[in-house]
2 protein chains.
Amino acid sequence: MGRSVIERNHLEVLRAVEAGGSLTAAAERLHLTQSALSHSIRKLEQQLGTPLWLREGRQLQLTQAGKYLLALANRLLPQFEHAELQIDQFARGQAGTLRIGMECHPCYQWLLKVVGPYLGHWPTVDVDVKQKFQFGGIGALFGHDIDLLVTPDPLHRPGLVFEPVFDYEQVLVVHSGHRLAHNDWISAQDLEPEILITYPVAVERLDVYTHLLLPANIRPVRHKTIETTDIMLQMVAAGRGVTALPRWLVQEYQQRMSIVPVQLGETGIGKQIFLGCRERDRNVDYLSAFMKLATEVRRDDIALDAGLTN
Amino acid sequence: MGRSVIERNHLEVLRAVEAGGSLTAAAERLHLTQSALSHSIRKLEQQLGTPLWLREGRQLQLTQAGKYLLALANRLLPQFEHAELQIDQFARGQAGTLRIGMECHPCYQWLLKVVGPYLGHWPTVDVDVKQKFQFGGIGALFGHDIDLLVTPDPLHRPGLVFEPVFDYEQVLVVHSGHRLAHNDWISAQDLEPEILITYPVAVERLDVYTHLLLPANIRPVRHKTIETTDIMLQMVAAGRGVTALPRWLVQEYQQRMSIVPVQLGETGIGKQIFLGCRERDRNVDYLSAFMKLATEVRRDDIALDAGLTN
DNA sequence: GCCTAACGTGAATAGAATTCATGGATATGT
DNA sequence: ACATATCCATGAATTCTATTCACGTTAGGC
């Protein structure tokens with residue numbers, strides 16, 4: 001009969017001691033006296049049958065068991081905290097918060113188009129967007145850090161569900177006066193003398209590389225990285241380099257910047273964006289509604305593309 | 001300043017009420033009086049600001065918030081429980097338990113070869129093997145249900161690390177007097193009139209299908225599923241069907257059963273088995289030691305194969 | 001309509017967590 | 001080397017919380 005000994009409380013202590021560096025500092029954080037903490041720790045260590053810290057002089061050093069519990073704390077406490085926020089929203093008559101993770105930079109622009117109408121249809125749901133994940137998008141889904149994942153790279157696994165939401169073409173973006181601006185398409189050789197600007201992500205995640213440059217074993221003379229789409233395109237418009245982005249995105253900026261999209265490779269680079277969630281959440285109404293709306297916005301986009309290219 | 005309101009305790013209550021069906025039954029499970037539970041629930045509901053159950057007559061019905069918390073309980077409580085077991089092992093001077101998940105049936109035989117020597121080298125580590133996962137092997141790794149995953153189907157993602165541990169050939173196994181026993185190799189057509197025996201898993205996970213039958217769009221006249229390797233091979237030896245297994249596995253059974261391995265397809269079906277773990281755990285000594293040992297056992301196997309085929 | 005099985009409530013109590021007051025140990029500065 | 005500040009441990013006192021006990025209420029079965 002293993003009675004529960006580890007409480008949320010204890011995890012909170014582990015984390016506070018780690019953050020504060022000392023018992024006294026941790027006590028402050030937890031709005032307790034140092035004495036209270038000392039007692040509480042001693043009791044926990046007794047119940048567990050092993051020390052969690054080694055007292056070296058007046059320094060505390062985590063034992064193996066302590067490190068293990070600290071890892072547990074860092075894993076579980078955020079889930080408690082998010083649950084409390086979520087329940088609080090339920091209590092206020094809200095449906096909850098939809099946490100969307102993004103694994104593809106330019107999708108942000110597309111997401112904005114979906115989120116707008118969505119917030120209108122679901123006034124009781126909040127939306128939050130996250131872009132950095134410690135363990136990747138899939139890990140974030142499994143770890144309940146996000147509820148929905150926008151990614152070009154789906155993964156059909158038990159427990160997860162992915163649905164394609166829209167197709168697009170990845171194109172090269174050049175200044176309208178650029179020597180390549182009127183090419184039918186761009187080869188790897190064409191890119192060699194160029195300054196290529198991309199988001200700061202691994203080369204394997206950049207389609208220009210995986211589809212064009214790496215197969216031809218060619219590198220551009222210079223490769224710069226920039227965080228934001230706007231600045232990237234300003235650089236391109238100023239003739240300071242070229243970049244690769246979705247065609248629909250370029251078309252939007254084209255109206256106010258002198259930039260031109262050009263097909264990449266002989267056949268073009270076709271891409272697909274997927275929306276994934278945990279299978280369990282599939283019947284959560286406000287979540288499936290987002291997926292549905294996302295596929296509908298895709299149709300609008302296709303219509304928009306047709307309008308612009310005619 | 002959102003003070004902690006949800007405690008492990010509360011999750012325990014949620015789960016017990018669900019399991020027992022009533023407050024009174026749950027109280028019994030928790031070794032408490034019904035009154036205590038009632039008080040505790042009322043306080044929790046007050047703090048959360050929303051009811052967790054609707055009292056319909058003398059039945060309890062979970063509200064949305066209640067369902068949410070129940071899901072949280074089912075997710076977090078097992079982690080608390082496992083942590084307590086783990087710490088208990090630390091306390092006894094043990095290093096912990098290595099939980100190995102298996103996504104490929106015949107690997108079990110191979111795993112036994114690794115586990116034996118491993119237990120010898122690491123007397124302070126316990127090994128546990130799990131074969132069923134609610135959310136697939138990857139989900140089990142991310143969800144900390146297992147620490148190590150044996151799979152033919154790796155997934156290089158941030159947060160996870162996979163290493164190949166051995167290669168093998170998937171072959172058809174037939175009775176030694178079988179009409180196909182002396183073929184150089186087996187085509188999809190050859191399999192059509194046969195009774196095919198496999199493990200009870202999805203067709204997409206069976207290499208005979210994905211590599212041979214599905215591409216040729218041919219199905220065997222009959223497909224039976226059997227859980228255990230031994231019985232499967234007994235059936236084959238009795239001439240009651242054919243099956244597909246790793247060549248090294250067949251060679252072991254061949255000594256005491258009249259069965260024969262035959263190459264599948266013109267080029268044979270080459271497979272690789274991977275061992276995966278969470279990146280964070282990479283520097284856990286007893287875990288990385290297992291991986292190292294696993295790759296060494298592979299070498300022994302190759303030697304063994306050479307010995308048998310010469 | 002009465003009996004049973006369920007949950008709720010308030011006061012009493014047992015038990016934990018917290019504080020207060022204090023002491024010992026270890027770095028830090030002069 | 002000595003004073004001093006910092007940090008953790010301890011025991012007794014206290015405050016706070018969880019639990020029980022005893023009773024009340026309500027819904028459904030016969």
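The basis for the numbers below is simple: all heavy atoms, side chains too, and nothing from hydrogens, waters or symmetry mates.
With salt bridges taken as basic N to acidic carboxylate O contacts below 4.0 Å, none links B:Glu7 and B:Lys43. Electrostatic pairing of B:Glu84 and B:Arg8 counts as a salt bridge here, judged by a charged N lying under 4.0 Å from a carboxylate O. A salt bridge links A:Glu45 with A:Arg55: the closest approach of a Lys/Arg side-chain nitrogen to an acidic carboxylate oxygen falls below 4.0 angstrom. Between B:Arg278 and B:Asp147 a salt bridge is recorded (basic side-chain N to carboxylate O distance below 4.0 Å). The residues B:Glu296 and B:Lys113 are annotated as not salt-bridged, no charged nitrogen and carboxylate oxygen being separated by less than 4.0 angstrom. No salt bridge links B:Asp128 with B:Arg99; every basic N to acidic carboxylate O contact stays at or beyond 4.0 Å. With salt bridges taken as basic N to acidic carboxylate O contacts below 4.0 Å, one links A:Arg282 and A:Glu163.
Distance CG (A:Leu30) to C1' (C:dA17): 14 Å, rounded to an integer number of Å. Spacing between atom CG of B:Leu60 and atom C1' of C:dC7 amounts to 8 Å, rounded to whole angstrom units.
Inspection of the B:Gln89 and B:Thr97 side chains reveals an N or O donor paired with an N or O acceptor under 3.5 Å.
Between B:Phe142 and A:Phe142, the ring planes are parallel. Angles under 30° get that label, and only those over 60° would be called perpendicular.
Within a 6.0 Å sphere centred on OH of B:Tyr199, other residues, nucleotides and ligands contribute more than 12 heavy atoms.
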Can you check nucleotides 21-27 of chain C for protein contacts, nitrogen or oxygen pairs under 3.5 Å, and list what you find?
| unit_1 | atom_1 | unit_2 | atom_2 | d |
| --- | --- | --- | --- | --- |
| C:dT26 | O2 | A:Arg58 | NH1 | 3.1 |

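The phosphate of C:dA6 has neither OP1 nor OP2 within less than 4.0 Å of any side-chain N or O from B:Ser22.
In 5' to 3' order, the nucleotides of DNA chain D bounding all contacts with chain A (an atom under 4.0 Å from a heavy atom) are D:dA5 to D:dA12.
Residues from residues 36-48 of chain A placing a heavy atom under 4.0 Å of any atom in DNA chain D, listed by number, are A:Ser38, A:His39, A:Arg42.
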